[in-house]
Student: 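Input: one structure, supplied below.
As the structure lists them, so they are numbered: ligands from 1, and atoms in each ligand from 1. Values below: every heavy atom of this structure, side chains too, minus hydrogens, waters and symmetry copies.
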Amino acid sequence: MSFTVCNILGVPINNVNLNEALGLVLLYLEENEKKIIFTPNPEFIMNALTDSQFKKILNESNLNIPDGIGVVIGAKILGYNLKERVAGFDLVQKIFSRIKNTDKTVYFLGASEETVILAKEMMEKKYKGLKIVGTHNGYFKDEEGNIIIDEINKLSPDLLLVGLGSPRQEKWIYNNKDKINVKVMIGVGGSFDVMSGNVKRAPKIFIKLNLEWFYRLITQPTRFKRMLKLPLFIIEVLKYKIKGDKNEKTIKK
Ligand code: UDP
C-alpha cells in the first residue's frame, strides 16, 4: 500500500482516511516488526517547531494520522488534499471492533487509575470478546517505567495504547520502543477519559461540521490556552507557504 505523506512544518502526515488507517493497523498487527502510530494535531506541530527531539520522534513513526481539522486546513493551505480528519479515538474504536473475538490482545497505559480501569470495563462491555489484558495509570515516575514495561512484556499484548498526554506519550513510546514487546503502539491522548465515559465526545453534528474543537472549548474552557495554538499554527503555515518550502513525497507502506 502506498500513501502520500504531507510535510506540514516538518511533521509528516499520512494522507489516509479512517478505513485505510484501520487497514494499515490490521496489517501491522500481523507483522513481526514493531510499529508506532501517532495522532498529530496542530498543537503537536506547533510544539515540534520548538522541540527538535519531539519533531524527530514524529518523523520516525510508521504512521501519523491527521487528528484535527486544523491539520487538514493547514495541509490545504500548503496544497495538499488530505482525504479527511482521522480522530485517534475513532481509529481505536474501529480497531476494537475488528479484533474482538480474535486472539489479539490490548494493554491500556494512561489516565488516572479509576479512569483506566473504567475505560477497560466500558470497552469490554461495548466490544464483547475484546481482550484487554492489563492496565496501568499514567501518573508514574520515570524510574517506575521499567516495572511497567516488565508487566507489559509478561502479558505480551499485541497492541499498546499510551495516553499520557502529548508530548510525554510520544517520547515515552519512542524512548522505550526497543524494550517493549508489542506489535503496535499508539499514542492516544485523552482517549481513556472518553472510553470511561468521564469525558463526552462532541455530539455527531459538531463532528460532522468539523466543530469538535469548538465543543471541547466550550465544555472544557481550561483548554483555552492550548487552543490558542490553532490560530498560531495557521499563521506559521502561511509563513511557510510564502517561503515556498513545500516538499511532497510518496512512500511505500
Ligand atoms: N495523563 C497521564 N499522565 C500524565 C499526564 C496526563 O496519564 O502525566 C493523561 C490524562 O489523565 C489524560 C491524558 O493523559 O487522560 C491527556 O489528555 P489530553 O486531553 O491532554 O490529551 P489530548 O487528547 O488533548 O491529546
Student: Does Arg168 count as lying over the ring of Phe140, i.e. NZ or CZ under 6.0 Å from the six-ring centre, within 45 degrees of the axis?
Tutor: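 Verdict for Phe140: a cation-pi partner in Arg168.
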Student: Which heavy atom of the protein is the closest neighbour of atom 19 (O) of ligand 1, given with residue, atom name and distance?
Tutor: Arg223 NH1, 3.1 Å
Student: Backbone or side chain, does any N or O of Arg168 fall under 3.5 Å from an N or O of ligand 1?
Tutor: yes
Student: Please check whether Asp193 reaches ligand 1 - meaning an N/O of the residue sits under 3.5 Å from an N/O of the ligand, judged on distance alone.
Tutor: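 Yes, there is a polar N/O contact under 3.5 Å.
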Student: Run the contact test for Glu43 against ligand 1 with a 4.0 Å cut-off on heavy atoms, strictly below, and give the result.
Tutor: no
Student: Can you pull out the closest protein heavy atom to atom 11 (O) of ligand 1? Residue, atom name and distance to 0.1 Å, please.
Tutor: Tyr139 OH, 2.8 Å
Student: Give me the nearest non-hydrogen protein atom to atom 7 (O) of ligand 1 as residue plus atom name, then the distance to 0.1 Å.
Tutor: Ala111 N, 2.8 Å
Student: Should Val188 be counted as touching ligand 1, given the test is an N or O pair under 3.5 Å?
Tutor: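 Val188 vs ligand 1: no N/O contact under 3.5 Å.
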Student: Taking 4.0 Å as the limit for heavy-atom contacts, which would you say applies to His136 with ligand 1: side chain only, backbone only, both, or neither?
Tutor: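 None of His136 does.
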Student: What protein heavy atom lies closest to atom 21 (O) of ligand 1? Include the residue and the distance to one decimal.
Tutor: Gly190 N, 3.2 Å
Student: Should Gly110 be listed as contacting ligand 1, given a heavy-atom distance under 4.0 Å as the test?
Tutor: yes
Student: Where is the nearest protein heavy atom to atom 13 (C) of ligand 1: which residue, which atom, and how far?
Tutor: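 Here the closest protein heavy atom is Gly189 O, 3.6 Å.
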Student: Using modelled atom types only, decide if a donor and an acceptor are shared between the side chain of Asn17 and the backbone of Glu20 within a distance under 3.5 Å.
Tutor: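 Here the side-chain-to-backbone pair exists.
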Student: Starting from atom 9 (C) of ligand 1, what is the nearest protein heavy atom, named by residue and atom, and what distance separates them?
Tutor: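 Protein heavy atom with the smallest distance to atom 9 (C) of ligand 1: Gly163 O, 3.5 Å.
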Student: Give the residue, atom name and distance (to 0.1 Å) of the protein heavy atom nearest atom 20 (O) of ligand 1.
Tutor: Arg226 NH1, 3.0 Å
Student: Output the list of atoms in ligand 1 that are nearer than 4.0 Å to some heavy atom of Arg216, sorted by atom number.
Tutor: 23 (O), 24 (O)
Student: Check whether any heavy atom of Gln220 sits under 4.0 Å from an atom of ligand 1.
Tutor: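 Heavy atoms of Gln220 never come under 4.0 Å of ligand 1.
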